[in-house]
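Read through the structure below, which is laid out as structure tokens, and then see the notes.
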Amino acid sequence: MLAIPEWNGDVQAARELQRELAKGVIVRDDFPRPLRTVAGLDVGFEKDGAITRAAAVLLDADTLEVIDQQIVRIPTRMPYIPGLLSFRELPALLPALEALARTPDLVMIDGHGIAHPRRLGIAAHFGVITGLPSIGVAKSVLVGAARPLHDTRGAHTPLRDKGEQIGWILRSKPGCLPLIVSPGHRVSMAAAPELVMRFATHYRLPEPTRLADRLASRRDERRHRPEAG
DNA sequence: GCGACAG
DNA sequence: ATCTTGTCGC
């Protein structure tokens with residue numbers, strides 16, 4: 001049901017599945033208007049990589065207030081292989097999303113959307129199997145090239161591969177390395193950078209991804225506690 | 001054959 | 001991703 005088979009070491013089969021799933025990716029705006037909630041997803045590792053820890057943070061789209069946050073830990077099943085990141089991280093991210101108090105209107109994921117060799121980065125993969133609108137927000141390029149970027153907040157230039165635009169290089173914060181933003185599912189090429197900037201305050205990463213990043217990589221073993229005072 | 005290569 | 005303190009720069 002998850003469209004993610006147990007890892008059997010078959011890289012070729014995984015790539016073929018990506019080409020198949022990529023056909024279902026919708027790159028046009030088809031998300032709730034106005035947006036009520038946004039979620040940020042990211043993954044971290046514990047025990048020398050033996051444990052995969054996924055973090056999901058749900059925010060109010062207008063106030064950026066944190067509504068809920070969840071952490072899910074599972075044994076790591078697969079090694080990191082460039083281009084196959086989603087097979088390694090989605091098994092932990094999906095239950096983390098399910099654990100949230102509400103299903104978000106939009107999901108921002110640490111990694112690429114369609115800015116991928118077979119146009120199915122983790123954000124796109126996540127989108128097609130959950131049906132939720134998604135955007136990929138990565139910190140480095142996997143594939144493609146772009147022209148130099150102005151050091152102005154919000155400046156963005158197309159990321160291209162094989163003659164087609166697959167995403168954008170976005171300067172979310174002056175003086176900082178740019179982000180690589182690409183549509184995941186049900187979000188248009190033009191809307192992707194606008195949405196990321198809408199949720200970016202004074203940090204390089206937009207709030208959804210920044211908070212999930214913090215949760216996923218914290219050194220302590222705590223689980224979030226429902227604060228009583 | 002030789003590099004590049006999300007996290 | 002992760003191992004890790006101080007340090008450089010706006």
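Chain letters run A, B, ... following the sequence lines, proteins first and then strands; every chain starts at 1. All values reported here derive from a predicted model rather than from experimental measurement. Hydrogens, waters and symmetry mates play no part in the numbers below; they use all other heavy atoms, side chains included.
Note on A:G83: a base of the nucleic acid sits closer than 4.0 angstrom, heavy atoms only. Contacts of A:V141 with the nucleic acid, taken as non-hydrogen atoms under 4.0 Å apart, involve only primed sugar atoms and P, OP1 or OP2. Residue contacts for A:D48: at a heavy-atom cut-off of 4.0 Å it reaches no nucleic acid atom on any strand shown. A:I180 comes within 4.0 angstrom of no nucleic acid atom, judged by non-hydrogen atoms across all strands.
Both geometric conditions, a ring-centre gap below 5.5 Å and a plane tilt below 30°, are fulfilled for A:Y80 over the base of B:dG7.
Rounded to an integer number of Å, the gap from CZ of A:R118 to P of B:dA6 is 13 Å. Distance, A:E89 CD to C:dT2 P: 10 Å, rounded to whole Å. Here C:dC3 presents its P atom at 12 Å from NZ of A:K47, a figure rounded to the nearest Å. Between A:I81 atom CD1 and B:dA4 atom C1' there is a gap of 16 Å when expressed in whole angstrom units. A straight line from CG of A:D42 to P of B:dA6 spans 15 Å, rounded to a whole angstrom. Here B:dA6 presents its P atom at 13 Å from CE of A:M78, a figure rounded to the nearest Å. The distance between atom CG of A:D151 and atom P of C:dC10, rounded to the nearest whole Å, is 11 Å. Between A:M108 atom CE and B:dG7 atom P there is a gap of 14 Å when expressed in whole angstrom units.
Listed nucleotides B:dC5, C:dC3, C:dT2 differ in distance to A:F45; the shortest reach to its side chain belongs to C:dT2. Closest to the A:H116 side chain, of the nucleotides B:dG7, B:dA6, C:dA1, is B:dA6.
Distance alone, capped at 3.5 Å, is enough to place a donor-acceptor pair between the A:R204 side chain and the A:L177 backbone. Between the side chain of A:D42 and the main chain of A:A55, no donor-acceptor pair closer than 3.5 Å is present. With hydrogens and angles ignored, the 3.5 Å screen pairs no side-chain donor or acceptor of A:D151 with any backbone N or O of A:P174.
At least one side-chain nitrogen or oxygen of A:K139 sits closer than 4.0 Å to the OP1 or OP2 atom of C:dA1. Residue A:S140 places at least one side-chain N or O under 4.0 Å from the OP1 or OP2 atom of B:dG7.
Inter-residue side-chain proximity for A:L97 and A:P104 is flagged as met; some heavy-atom pair is nearer than 4.5 Å.
Within 6.0 Å of CZ on A:R28 lie no more than 12 heavy atoms contributed by other residues, nucleotides or ligands.
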